[in-house]
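Computed from a prediction, not measured in an experiment: that's the story for all the values here. Numbers for residues simply follow the sequence, beginning at 1. The figures here come from the full heavy-atom set of this structure, side chains too, leaving out hydrogens, waters and symmetry mates.
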Amino acid sequence: QVQLVESGGGLVQAGDSLRLSCAASGGASSIPTVAWFRQAPGQEQERQFVAAVRWANSRKYYADSVEGRFTITRDSAKNTVYLQMNSLRPDDTAVYYCAAGSPILSSLRGHSAYPYWGQGTQVTVSS
């Protein structure tokens with residue numbers, strides 16, 4: 001059974017950095033795409049796309065709001081995907097989720113394209 005476990009969240013100040021990890025097991029590494037989504041306080045109905053990486057060729061995709069500040073990478077040997085977050089801002093505060101699935105390019109930024117999800121990790125950025 002596919003399992004995704006996130007770690008690395010915490011409380012930081014604006015301008016600081018954090019690195020989130022998503023450890024995949026149970027055949028998750030055979031799933032083509034791993035993505036990060038976030039859910040901000042008061043937005044329980046919506047998970048916002050942050051970044052994604054194609055497992056086969058490492059092609060990466062980013063939301064406009066994080067482009068240039070966040071970097072998604074993968075370590076195939078460890079079956080782990082990372083999200084390096086730099087220059088954090090208070091509006092980055094959210095629960096960050098790792099997800100895995102097989103979306104086509106036009107669906108890659110939609111949370112419904114991913115059947116597998118981790119439990120989430122809290123990131124809080126104070127001003």
Side-chain angles (χ1 to χ4, degrees):
Q1 183 171 348
V2 172
Q3 286 193 320
L4 303 170
V5 179
E6 303 98 331
S7 61
L11 172 63
V12 297
Q13 294 186 330
D16 285 351
S17 299
L18 273 178
R19 188 177 79 159
L20 305 183
S21 299
C22 173
S25 61
S29 60
S30 66
I31 299 174
T33 303
V34 176
W36 287 95
F37 286 78
R38 65 187 181 186
Q39 194 163 21
Q43 297 184 357
E44 284 76 17
Q45 302 304 316
E46 179 181 351
R47 291 187 179 181
Q48 180 188 43
F49 173 79
V50 176
V53 61
R54 297 288 199 188
W55 203 261
N57 58 15
S58 289
R59 185 153 187 181
K60 303 170 185 180
Y61 307 84
Y62 295 97
D64 290 345
S65 59
V66 307
E67 182 86 51
R69 298 188 299 124
F70 291 11
T71 302
I72 188 169
T73 57
R74 64 173 179 85
D75 185 330
S76 297
K78 296 182 179 180
N79 289 336
T80 300
V81 172
Y82 302 98
L83 185 68
Q84 177 67 42
M85 306 186 295
N86 298 329
S87 302
L88 282 162
R89 309 184 306 216
D91 62 357
D92 293 317
T93 294
V95 177
Y96 283 71
Y97 296 91
C98 177
S102 307
I104 58 175
L105 184 57
S106 60
S107 301
L108 185 138
R109 289 171 169 78
H111 63 84
S112 61
Y114 298 86
Y116 304 105
W117 292 82
Q119 82 288 352
T121 185
Q122 176 71 48
V123 172
T124 303
V125 185
S126 64
S127 57

Minimum heavy-atom distance [X]-[Y], with the two atoms named:
{"X": "A113", "Y": "P115", "result": "O-CD, 3.6 Å"}
{"X": "P103", "Y": "Y114", "result": "CG-OH, 3.6 Å"}
{"X": "C98", "Y": "V34", "result": "SG-CG1, 3.7 Å"}
{"X": "A100", "Y": "I31", "result": "C-CG2, 3.9 Å"}
{"X": "M85", "Y": "L20", "result": "CE-CG, 3.7 Å"}
{"X": "T80", "Y": "S21", "result": "CG2-CB, 4.2 Å"}

For this session: Kindly confirm or rule out a cation-pi arrangement of R19 over Y82, judged by NZ or CZ under 6.0 Å from the six-membered ring centre and within 45° of its axis?
Result: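 Yes, R19 and Y82 form such a contact.
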
Exercise. S87 and R69: side-chain donor and acceptor closer than 3.5 Å?
Worked result: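 Judged by distance alone, the side chains do not pair up.
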
Exercise. Distance only, no hydrogens: is a donor on one side chain within 3.5 Å (strictly under) of an acceptor on the other, for S65 and E67?
Worked result: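 Short answer, no.
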
Problem set entry | Candidate list W36, F37, Y62, test ring pair (Phe, Tyr, Trp, His ring centres under 6.0 Å), partner F49, passing option |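 Result: among W36, F37, Y62, F37 is the only option passing the ring pair (Phe, Tyr, Trp, His ring centres under 6.0 Å) with F49.
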
Between [X] and [Y], is any pair of side-chain heavy atoms under 4.5 Å apart?
{"X": "D92", "Y": "F70", "value": "yes"}
{"X": "L18", "Y": "V123", "value": "yes"}
{"X": "E6", "Y": "V95", "value": "no"}
{"X": "H111", "Y": "W117", "value": "yes"}
{"X": "V125", "Y": "D16", "value": "no"}

Find the distance between [atom1] ([X]) and [atom2] ([Y]) and round it off to the nearest 0.5 Å.
{"X": "I72", "Y": "R54", "atom1": "CD1", "atom2": "CZ", "value": "11.5 Å"}
{"X": "Q119", "Y": "Y97", "atom1": "CD", "atom2": "OH", "value": "9.0 Å"}
{"X": "T124", "Y": "L88", "atom1": "OG1", "atom2": "CG", "value": "10.5 Å"}
{"X": "S30", "Y": "W55", "atom1": "OG", "atom2": "CH2", "value": "10.0 Å"}

Problem set entry | Connected via hydrophobic side-chain network under 4.5 Å: Y96 and L4 |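 Y96 and L4: separate clusters.
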
Exercise. If two hydrophobic side chains count as joined below 4.5 Å and joins carry through other members, does V66 share a cluster with V12?
Worked result: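 Looking at the clustering, V12 is in the same group as V66.
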
Exercise. With S76, which residues qualify under side-chain hydrogen bond (donor to acceptor under 3.5 Å, both in side chains), at least two apart?
Worked result: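 Counting only residues at least two positions away or on another chain, S76 forms a side-chain hydrogen bond (donor to acceptor under 3.5 Å, both in side chains) with R74.
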
Just checking [X]: does its [atom1] atom have more than 12 heavy atoms from other residues, nucleotides or ligands closer to it than 6.0 angstrom?
{"X": "R59", "atom1": "CZ", "result": "no"}
{"X": "Q122", "atom1": "CD", "result": "yes"}
{"X": "K60", "atom1": "NZ", "result": "yes"}
{"X": "Y61", "atom1": "OH", "result": "yes"}

Exercise. Who are the salt bridge (Lys or Arg N to Asp or Glu O under 4.0 Å) partners of D75, not counting sequence neighbours?
Worked result: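 Here no residue qualifies.
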
Problem set entry | Sequence-distant partners of R47, salt bridge (Lys or Arg N to Asp or Glu O under 4.0 Å), two or more places apart |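 Once residues adjacent in sequence are excluded, R47 has no partner under the salt bridge (Lys or Arg N to Asp or Glu O under 4.0 Å) criterion.
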
